[in-house]
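Whatever order the structure lists them in is the order used to number ligands and atoms, beginning at 1. Positions are given from 1, in the same order as the sequence printed here.
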Amino acid sequence: MKKNIILTGDRPTGPLHLGHYRGSLVKRVELQDECEQFVMIADVQALTDNYEHPEKVRHNILEVLLDYLAVGIDPQKSTILVQSLVPQLFELTVYYLNLVTVNRALRNPTVKTEIKQKGYGDSTPLGFVAYPVSQAADITAFKATLVPVGEDQLPMIEQANEIVRTFNRLYNVDVLVEAQAVLTKTQRLPGTDGKTKMGKSLGNAIYLSDSADVLAKKVMNMYTDPDHIHVADPGKVEGNMVFTYLDVFDLQHDEVAELKEHYKRGGLGDVVIKKRLIEVLDELLDPMRKKRAEFANDKAALMGILHAGSARAREIAAQTLAQVRAAMKLDY
Ligand code: TRP
């Protein structure tokens with residue numbers, strides 16, 4: 001059987017958080033042993049909604065790389081690349097743009113939601129509407145067959161596959177390959193405030209790089225049950241973020257079940273369950289902090305990883321691009 005090829009990526013607009021960890025980072029660490037994996041730091045995509053703040057994107061390239069190394073994405077096993085260092089992707093994007101209608105681009109549900117969230121209204125940058133097309137170039141350049149993502153990225157894969165089918169049909173070739181999403185079975189992790197998902201811009205995230213102090217403060221401020229005022233009061237477990245997180249991260253399921261019963265009966269204070277969650281999360285994050293510290297001071301080595309990965313990515317993307325150009329009669 002042919003080996004699966006994986007392409008995943010993140011916009012470097014901030015450090016990665018526990019939602020990313022549950023969403024796709026764990027999967028990537030697993031899959032890098034079985035598959036050929038490309039992990040992209042999507043700086044050009046990040047600029048589509050941060051073009052006024054290039055310094056922010058620049059800074060977060062190394063933050064995201066450190067997060068990758070901290071969770072165990074191994075540059076010996078995975079090719080870690082920077083999108084802007086692979087110019088072939090942008091040539092592919094230009095060709096693909098012909099295959100997508102303006103209306104189709106505007107119908108992408110994730111793009112629609114983001115346009116609303118950002119309040120772009122009639123001032124939506126064209127580059128932003130087109131970013132799924134650029135993402136299709138990311139995926140197809142490496143002929144990825146699997147893309148581990150969170151569910152908000154499903155419309156991107158659907159749109160990429162539409163482009164693949166249109167291209168192959170139109171030019172009567174078998175050059176581009178359709179990709180499949182790999183969704184984690186775990187539910188999306190809500191933010192510490194209990195509202196919607198954990199997000200960089202929502203101020204409700206716990207970052208993989210948070211120090212023990214910062215982590216403790218965030219957990220102590222987590223949303224629990226607003227009606228649980230006195231320790232003796234019965235408390236609610238549903239919608240209580242401390243229990244939601246314990247369900248996800250605490251492996252002692254029996255003990256968590258007992259704590260829940262106790263909390264519901266009354267007599268168990270928020271501080272006790274929060275302290276437990278702090279311990280559980282510290283156990284997860286501490287090895288990451290140590291790994292991060294090992295690499296953090298060697299900028300040259302970090303840039304070396306990115307340059308080596310991007311060089312390898314350029315070679316592969318160039319092969320696909322040559323096939324695409326030939327299919328479009330551009331092989332002069
Ligand atoms: N759009 C993704 C995000 O916002 C990042 C990304 C860019 C990506 N290119 C990709 C993800 C290719 C998977 C495959 O998180």
Side-chain angles (χ1 to χ4, degrees), residues 4-25 27-28 31-32 35-50 56-57 60-61 63-65 67-68 73 78-86 88-90 92-93 96 105 108-115 117-118 127-161 163-164 176-184 188-189 197-202 205 208 309-310 313 316-317 320:
N4 271 310
I5 300 175
I6 301 189
L7 183 278
T8 62
D10 298 282
R11 294 185 201 178
T13 53
L16 301 181
H17 53 60
L18 285 177
H20 293 116
Y21 181 72
R22 295 292 295 176
S24 78
L25 292 175
K27 261 263 146 0
R28 297 179 197 178
L31 290 169
Q32 68 182 346
C35 309
E36 155 120 53
Q37 176 164 259
F38 297 87
V39 184
M40 167 182 293
I41 302 180
D43 57 345
V44 175
Q45 186 178 116
L47 283 170
T48 62
D49 58 339
N50 289 279
K56 173 170 142 190
V57 175
N60 282 301
I61 299 256
E63 292 300 312
V64 169
L65 174 60
D67 286 328
Y68 288 165
I73 295 175
S78 298
T79 302
I80 305 177
L81 62 126
V82 178
Q83 190 184 20
S84 66
L85 290 176
V86 186
Q88 288 80 5
L89 299 173
F90 311 110
L92 283 175
T93 303
Y96 294 170
N108 182 307
T110 299
V111 171
K112 253 172 135 169
T113 309
E114 285 175 309
I115 287 175
Q117 272 172 359
K118 294 172 198 299
F128 188 78
V129 179
Y131 92 71
V133 181
S134 160
Q135 190 161 327
D138 302 341
I139 295 169
T140 55
F142 304 101
K143 305 209 167 167
T145 50
L146 298 179
V147 185
V149 284
E151 58 183 6
D152 62 317
Q153 293 295 301
L154 290 179
M156 305 303 155
I157 300 180
E158 196 180 313
Q159 219 180 325
N161 285 339
I163 291 172
V164 167
L176 300 182
V177 178
E178 285 191 55
Q180 226 186 329
V182 188
L183 276 179
T184 34
R188 166 189 277 188
L189 190 70
K197 67 168 182 174
M198 186 173 280
K200 283 178 273 220
S201 50
L202 305 168
L208 303 181
S310 303
I316 299 183
T320 305

message = What I'd like to find out is whether the side chain of T140 reaches to under 4.5 Å of the side chain of T320, using heavy atoms alone.
response = no
message = Does either side chain, that of E36 or that of N4, offer a donor lying less than 3.5 Å from an acceptor on the other one?
response = no
request  = Grab the two heavy atoms, one from Q37 and one from R28, that are nearest each other, plus how far apart they are.
outcome  = NE2-O, 3.2 Å
key: Contact (N/O only, under 3.5 Å) between D10 and ligand 1   = no
key: Nearest neighbour in protein (non-hydrogen) for atom 4 (O) of ligand 1   = R11 NE, 3.3 Å
message = Quick test of your reading of the model: are K197 and D152 salt-bridged, counting only N-O distances below 4.0 Å?
response = yes
query = What atoms of ligand 1 come closer than 4.0 angstrom to any heavy atom of L7?
reply = 12 (C), 14 (C)
query = Considering distance alone, does some N or O of Q45 sit under 3.5 Å from an N or O of ligand 1?
reply = yes
task = Report the nearest protein non-hydrogen atom to atom 8 (C) of ligand 1: residue, atom name, distance rounded to 0.1 Å.
result = Q135 NE2, 3.5 Å
Inter-residue atom distance Q83.CD - R11.CZ, 0.5 Å rounding = 10.0 Å
message = Students should be able to answer this: which protein heavy-atom is nearest to atom 9 (N) of ligand 1, and at what distance?
response = D138 OD2, 3.0 Å
Atom indices of ligand 1, in the order listed, that fall short of 4.0 Å to a heavy atom of A42 = 7 (C)
remark   = Under 4.0 Å from one or more heavy atoms of V147, ligand 1 contributes atoms 13 (C), 14 (C)
inquiry  = So, using side-chain contact (heavy atoms from CB on, under 4.5 Å) as the criterion, who are the partners of A105 when residues are at least two apart?
reply    = V100, V129
inquiry  = Looking only at distances, can you tell me whether any N or O atom of Y131, backbone or side chain, sits closer than 3.5 Å to an N or O atom of ligand 1?
reply    = no
note = With sequence neighbours left out, the residues meeting side-chain contact (heavy atoms from CB on, under 4.5 Å) with V182 are K27, L146, P148
ask   = Which bit of Q153 is near ligand 1, meaning a heavy atom under 4.0 Å away: side chain, backbone, both or neither?
value = side chain
